[in-house]
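Computed from a predicted structure; not experimentally measured. Throughout, residue positions are numbered sequentially from 1 according to the sequence presented.
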Amino acid sequence: MDNLEHVKEMYLNLDGTWVEECRRLDMQNERYQALFGSARYSEKYRSELQVISRCADFGCGSGSWSRSIVKEYHNCIVDSVDQSKEAIAYLDSFKIDRINTYNNDIFKFLKSSKAQYDLINLRWVLCTLESKDRELLIKELHDRLYIGGILQVSEGGRSFTNNKPYNRLGRYYMDACYATHLLESREESDEVQVSMLSLVDKIFGETDINAKVITFDKNKVEHDLLIWDFEFLRNMEKFILDYSTCSEDEFHTLVTEADDFFKNNPVFGYLNFVSVSGKKI
C-alpha cells in the first residue's frame, strides 16, 4: 500500500480515503470468513492443527484478518505487517494487545526478524508482485513455519457485473495502477491464482485448495461492496485521468451511466476467491 506515497497529491482527503478503504477491507473479510466458517479457510488443516500460538498476517491491510484470528484462537499472538502507515494506524486504533504491528515491507521485515510461526496468512499480496518475487516470498515463508505449520495464501478475481460502465471504470483504474507501478504484474487475476496454486504445491508438496464464488445482487450484503467500490472509483478521477487512456468526457459519462444503472436496474455479478493452504512437512 505504501506505493501510493508518490501519488498522494492526488488525494484531496487522504486520511478519509484510507479509512474508507480499511472499512471496505473489514467488510470483505467478514464475507470471506462467513463463506469458509473461519479465518482459516482450509477445513482439513483446521482439524489437523488446532492450537495456534504464533501467526503472521503479511500485507495485513486494515488488520481485519488479524483481528479475526485472535478472536478465534484466544492464546494466539499475531505479527501484522503492512507498508501502509495509514492501514497500520487504523489497526492500532483497536488496541489489541495480542497483535504486534509493523509498518514495513514484507521482505524487509523478514530480513529483520527471525520469528517462526504456526500459521501465516498472505491475502491479496501475490498479485502485486512479479513472478520471481512471488517464488522468493513463498520459499521464505515456508522456512519461517514450524514443522506442521500452515501457510494460507489467497487471491480473488476482479468483480464482474452486468453494469458495463462500472466494469469499464474498474479496468481504467487497473490500467492506472500498472502505469504507476502500484501493481507490478499485468497478469489477469485467474493467471495470478494459477501461479499461486502451482508455487505453493511446488514448495510445500502437501496442499489443500479451497475456492468460493461470491455472487452479488441487491438482496445480499455483498452488493454493498460493489457500491463502495463504485464510489471509490468515482473519487479516483484525477488518478484515472492522469495515468490511463480514459478522457475526462468518457470518465464522467461512465460515472453517470454506472450510477444510473445501480439505481434503476437489478445488478448481478460474481467474484471468485481462491485459497490454497500448504503444510510444512
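Proximity of a side-chain donor or acceptor of Asn103 to a complementary backbone N or O of Gln83 within less than 3.5 Å is detected. Judged by distance alone, with hydrogens and angles left aside, the side-chain atoms of Asn163 form no donor-acceptor pair with the main-chain N or O of Val267 at under 3.5 Å. Between the side chain of Asp259 and the main chain of Val255, no donor-acceptor pair closer than 3.5 Å is present. With Asp118 contributing its side chain and Ser53 its backbone, the two residues share a donor-acceptor pair below 3.5 Å. Judged by distance alone, the side chain of Asn264 and the main-chain N or O of Asp260 form a donor-acceptor pair under 3.5 Å. Between the side chain of Arg98 and the backbone N or O of Val70 there is at least one donor-acceptor pair closer than 3.5 Å. Side-chain atoms of Gln50 come within 3.5 Å of backbone N or O of Ser47 as a donor-acceptor pair. At least one donor-acceptor pair under 3.5 Å links the side chain of Glu155 to the backbone N or O of Cys127. Judged by distance alone, with hydrogens and angles left aside, the side-chain atoms of Ser195 form no donor-acceptor pair with the main-chain N or O of Glu191 at under 3.5 Å. The closest donor-acceptor contact from the side chain of Ser113 to the backbone of Phe109 lies at 3.5 Å or more, if one exists at all.
Under a hydrophobic-cluster definition in which Ile, Leu, Val, Met, Phe, Trp and Tyr are linked whenever side-chain heavy atoms come within less than 4.5 Å, directly or via other members, Phe204 and Val194 are assigned to different clusters. Residues Ile77 and Ile69 do not share a hydrophobic cluster, clusters being chains of Ile/Leu/Val/Met/Phe/Trp/Tyr side chains in contact below 4.5 Å. Ile99 and Ile88 fall into different hydrophobic clusters, where Ile, Leu, Val, Met, Phe, Trp and Tyr residues are linked whenever their side-chain heavy atoms come under 4.5 Å apart, directly or through other members. Linking Ile, Leu, Val, Met, Phe, Trp and Tyr whenever their side-chain heavy atoms come within less than 4.5 Å puts Met236 and Trp124 in one cluster.
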Kindly determine whether Ser154 and Tyr41 satisfy side-chain contact (heavy atoms from CB on, under 4.5 Å), including the steps that lead there.
-> CA-CA 9 Å; Ser154 311; Tyr41 304 142; 3.5 Å; yes

Verdict with reasoning, Asp79 to Arg54, per salt bridge (charged side-chain N to carboxylate O under 4.0 Å, His left out) | CA-CA 8 Å; Asp79 289 342; Arg54 187 77 179 267; 2.9 Å; yes

Dump the intermediate steps for side-chain contact (heavy atoms from CB on, under 4.5 Å) on Leu151 and Leu119, then the final yes or no.
-> CA-CA 6 Å; Leu151 171 66; Leu119 174 67; over 6 Å; no

With side-chain contact (heavy atoms from CB on, under 4.5 Å) as the test, would you mind laying out the steps for Leu271 and Val213 before giving the verdict?
-> CA-CA 6 Å; Leu271 165 70; Val213 175; over 6 Å; no

Starting from the C-alpha separation in whole Å, work towards a yes-or-no answer on salt bridge (charged side-chain N to carboxylate O under 4.0 Å, His left out) for Arg134 and Glu130.
-> CA-CA 6 Å; Arg134 292 174 194 165; Glu130 295 284 6; over 6 Å; no

Dump the intermediate steps for side-chain contact (heavy atoms from CB on, under 4.5 Å) on Leu91 and Cys60, then the final yes or no.
-> CA-CA 9 Å; Leu91 175 54; Cys60 66; 4.3 Å; yes

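Taking each heavy atom of Gly59 and Asp82 in turn, the nearest pair found is C-OD2, 3.3 Å. Pairing each heavy atom of Phe251 with each of Leu233, the nearest pair is CZ-O, 3.7 Å. Closest of all the heavy-atom pairs between Ala211 and Val274 is CB-CG2, 4.1 Å. Residue Gln152 comes nearest to Ala39 through the heavy atom pair NE2-O, 3.1 Å, listed as atom of the first residue, atom of the second, then distance. For the residue pair Ile150 and Arg40, the shortest heavy atom distance occurs at CG1-NH2, 4.2 Å. The shortest heavy-atom contact between Leu25 and Ser62 is CB-OG, 3.6 Å.
In summary, Lys280 and Asp143 do not engage in a salt bridge, as defined by a charged side-chain N under 4.0 Å from a carboxylate O. Salt bridge status for Asp57 with Arg123: absent, with no side-chain N to carboxylate O gap under 4.0 Å.
Of the inter-residue distances, the one linking Gln33 atom CD with Glu30 atom CD reads 8.5 Å to the nearest 0.5 angstrom. In this structure, CG on Leu110 lies 11.5 Å from CG on Leu136, to the nearest 0.5 angstrom. For the atom pair CG (Leu169) and SG (Cys246), the distance works out to 7.0 Å, reported to the nearest 0.5 Å. Summarising the geometry, atom OG1 belonging to Thr253 is positioned 10.5 Å from atom CD belonging to Glu248; distances are rounded to the nearest 0.5 Å. For the atom pair CD (Glu250) and CG (Leu241), the distance works out to 10.0 Å, reported to the nearest 0.5 Å. From Ile203, atom CD1 reaches atom NE2 of His142 across 8.0 Å, with rounding to the nearest 0.5 Å.
Relative ring orientation between Phe273 and Tyr32 is described as parallel, the plane-to-plane angle staying below 30° on a 0-90° scale split at 30° and 60°. The aromatic rings of Phe230 and Phe262 are tilted relative to each other, their planes meeting at an angle between 30° and 60°.
Both tests do not hold together for Lys164 against Phe261: distance to the six-membered ring centre under 6.0 Å, angle to the ring axis within 45°. Seen from the ring of Phe94, Arg67 counts as a face-on cation partner, given the 6.0 Å and 45° thresholds.
Put simply, the side chain of Cys55 reaches to within 4.5 Å of the side chain of Trp65, judged on heavy atoms. Using a 4.5 Å cut-off on side-chain heavy atoms (C-beta onward), Phe58 and Leu141 make contact. Side-chain contact between Leu129 and Leu137 is present, with at least one heavy-atom pair separated by less than 4.5 Å. Side-chain contact check for Thr161 versus Asn167: some heavy-atom pair is nearer than 4.5 Å. Using a 4.5 Å cut-off on side-chain heavy atoms (C-beta onward), Ile209 and Leu197 make contact. Side-chain atoms of Ile120 and Arg144, non-hydrogen and from C-beta on, do get closer than 4.5 Å to each other. With contacts defined as side-chain heavy-atom distances shorter than 4.5 Å, the pair Arg46/Ser38 qualifies. You'll find the side chain of Lys139 stays beyond 4.5 Å of the side chain of Leu199, heavy atoms only.
In the displayed structure, Lys44 atom NZ is contacted under 6.0 Å by more than 12 heavy atoms of other residues, nucleotides or ligands. Within 6.0 Å of CD in Glu72 there are more than 12 heavy atoms belonging to other residues, nucleotides or ligands.
Under the 3.5 Å distance criterion, with hydrogens and angles disregarded, a donor-acceptor pair is assigned to the side chains of Ser68 and Asn29. With hydrogens and angles left out, the side-chain atoms of Asn210 and Ser275 include no donor and acceptor closer than 3.5 Å.
The one candidate from Arg234, Glu237, Glu257 that meets the side-chain hydrogen bond (donor to acceptor under 3.5 Å, both in side chains) condition with His252 is Glu237.
When ring centroids are compared, Phe239 and Tyr173 come within the 6.0 Å threshold. In this structure, Tyr146 has its ring center no closer than 6.0 Å to that of Tyr117.
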